[in-house]
Amino acid sequence: MTQIATVTGLPGPGTALVAVVRQSACAHECAECGGCGGKPGSLTVRAETELPVSIGDKVELYSSGKVLGIAALVYLLPAALFLLGYLLPAFLPEGGRYLCGGLGFLLGLAGAVWYDRRSRRRGAVSYQIVRKL
């Protein structure tokens with residue numbers, strides 16, 4: 001997966017800190033849309049580079065790893081556990097089923113947070129600057 005990023009720091013030789021604008025379904029063309037008025041967030045990551053880069057350079061960033069798998073886990077696990085928690089205890093009254101669903105959702109969120117922290121420690125996703133723009 002490639003994205004456009006801006007170099008924000010140079011902590012050492014062969015590495016750079018880059019700011020990546022988070023992508024969303026909204027194109028953030030707020031002047032044309034006038035919808036939510038939200039601003040896109042950015043994420044700062046450490047990237048490897050063999051190219052000479054300077055602070056402020058626009059670069060193409062390649063991310064390797066299981067990015068889509070991690071995103072699926074974060075979004076789908078809480079929803080799936082909510083549904084299981086709601087549908088499986090059919091013997092409970094409606095309020096109890098909602099409570100079990102809510103507990104399943106919270107369990108899914110806790111699992112997603114745990115996996116996110118584990119993957120960050122292990123460096124499951126790595127970034128590399130491919131070229132300067």
Side-chain angles (χ1 to χ4, degrees):
M1 180 175 169
T2 59
Q3 294 178 315
I4 305 301
T6 304
V7 178
T8 59
L10 300 168
T15 62
L17 295 176
V18 294
V20 181
V21 176
R22 292 184 184 224
Q23 301 294 318
S24 68
C26 170
H28 291 289
E29 295 173 358
C30 300
E32 295 178 19
C33 173
C36 68
K39 295 183 180 180
S42 67
L43 176 69
T44 301
V45 296
R46 183 179 301 262
E48 299 174 8
T49 181
E50 295 178 1
L51 304 171
V53 293
S54 308
I55 294 176
D57 286 350
K58 296 278 186 194
V59 295
E60 184 176 337
L61 189 68
Y62 175 75
S63 59
S64 63
K66 301 174 182 175
V67 177
L68 293 178
I70 293 170
L73 176 79
V74 168
Y75 289 107
L76 295 179
L77 184 64
L81 289 180
F82 170 80
L83 288 174
L84 284 175
Y86 178 78
L87 295 174
L88 286 181
F91 59 89
L92 291 177
E94 193 72 18
R97 294 173 69 188
Y98 279 124
L99 181 63
C100 288
L103 290 174
F105 182 78
L106 291 176
L107 184 64
L109 284 179
V113 168
W114 172 80
Y115 187 78
D116 176 59
R117 290 182 180 168
R118 179 176 164 249
S119 64
R120 283 185 195 208
R121 272 186 263 126
R122 291 185 175 189
V125 179
S126 63
Y127 302 93
Q128 184 169 4
I129 296 176
V130 180
R131 66 182 173 119
K132 287 174 61 171
L133 301 177

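Residue numbers run from 1 in the order of the sequence given.
The distance from atom CG of Leu77 to atom CZ of Phe82, rounded to the nearest 0.5 Å, is 14.0 Å. Between atom OG of residue Ser54 and atom CG of residue Leu10 there is a gap of 7.0 Å, rounded to the nearest 0.5 Å. The CD1 atom of Ile55 lies 12.0 Å from the OG1 atom of Thr6; values are rounded to the nearest 0.5 Å. Atom CG of Leu87 is separated from atom CZ of Arg97 by 6.5 Å, given to the nearest 0.5 angstrom.
The side-chain hydrogen bond (donor to acceptor under 3.5 Å, both in side chains) check on Glu60 picks up Arg131, with sequence neighbours excluded. With sequence neighbours excluded, the residues that form a side-chain contact (heavy atoms from CB on, under 4.5 Å) with Val130 are Tyr62. Residues satisfying the side-chain contact (heavy atoms from CB on, under 4.5 Å) criterion with Leu17, sequence neighbours excluded, are Thr8, Pro11, Thr44, Arg46. Leu76 pairs by the side-chain contact (heavy atoms from CB on, under 4.5 Å) definition with Ala72, not counting sequence neighbours.
The nearest pair of heavy atoms linking Val7 to Ala16 is CG1-CB, 4.3 Å. Looking at every heavy atom in both residues, Leu84 comes nearest to Pro89 through O-CD, 3.9 Å. Scanning all heavy atoms of the two residues, the minimum distance from Cys100 to Gly85 falls at CB-O, 3.1 Å.
Both Leu81 and Trp114 are part of a single hydrophobic cluster, where members link through side-chain heavy atoms under 4.5 Å apart. Note on Tyr115 and Leu106: separate hydrophobic clusters, where clusters join Ile, Leu, Val, Met, Phe, Trp and Tyr whose side-chain heavy atoms are under 4.5 Å apart, directly or indirectly. Tracing side-chain contacts under 4.5 Å through hydrophobic residues (I, L, V, M, F, W, Y), one never reaches Leu99 starting from Leu88; they form parts of separate clusters. Hydrophobic clustering keeps Val74 apart from Phe105 (ILVMFWY residues linked when any side-chain heavy atoms are closer than 4.5 Å, directly or through intermediates). Follow the hydrophobic side-chain contacts under 4.5 Å out from Leu103 and you never reach Leu107; the two are in separate clusters.
Hydrophobic side-chain contacts under 4.5 Å tie Leu133 into a cluster, directly or through other members, with Ile4.
Among residues at least two apart or in separate chains, side-chain hydrogen bond (donor to acceptor under 3.5 Å, both in side chains) pairs with a member in residues 71-88 are Tyr86-Glu94.
Between Val45 and Leu61 there is a side-chain heavy-atom pair separated by less than 4.5 Å.
The local environment of NZ in Lys132 is crowded, with over 12 non-hydrogen atoms from other residues, nucleotides or ligands closer than 6.0 Å.
Each of Thr15, Val18, Asp57 was compared with Ile129 under the side chain to side chain contact (heavy atoms under 4.5 Å, CB included) criterion, and only Val18 meets it.
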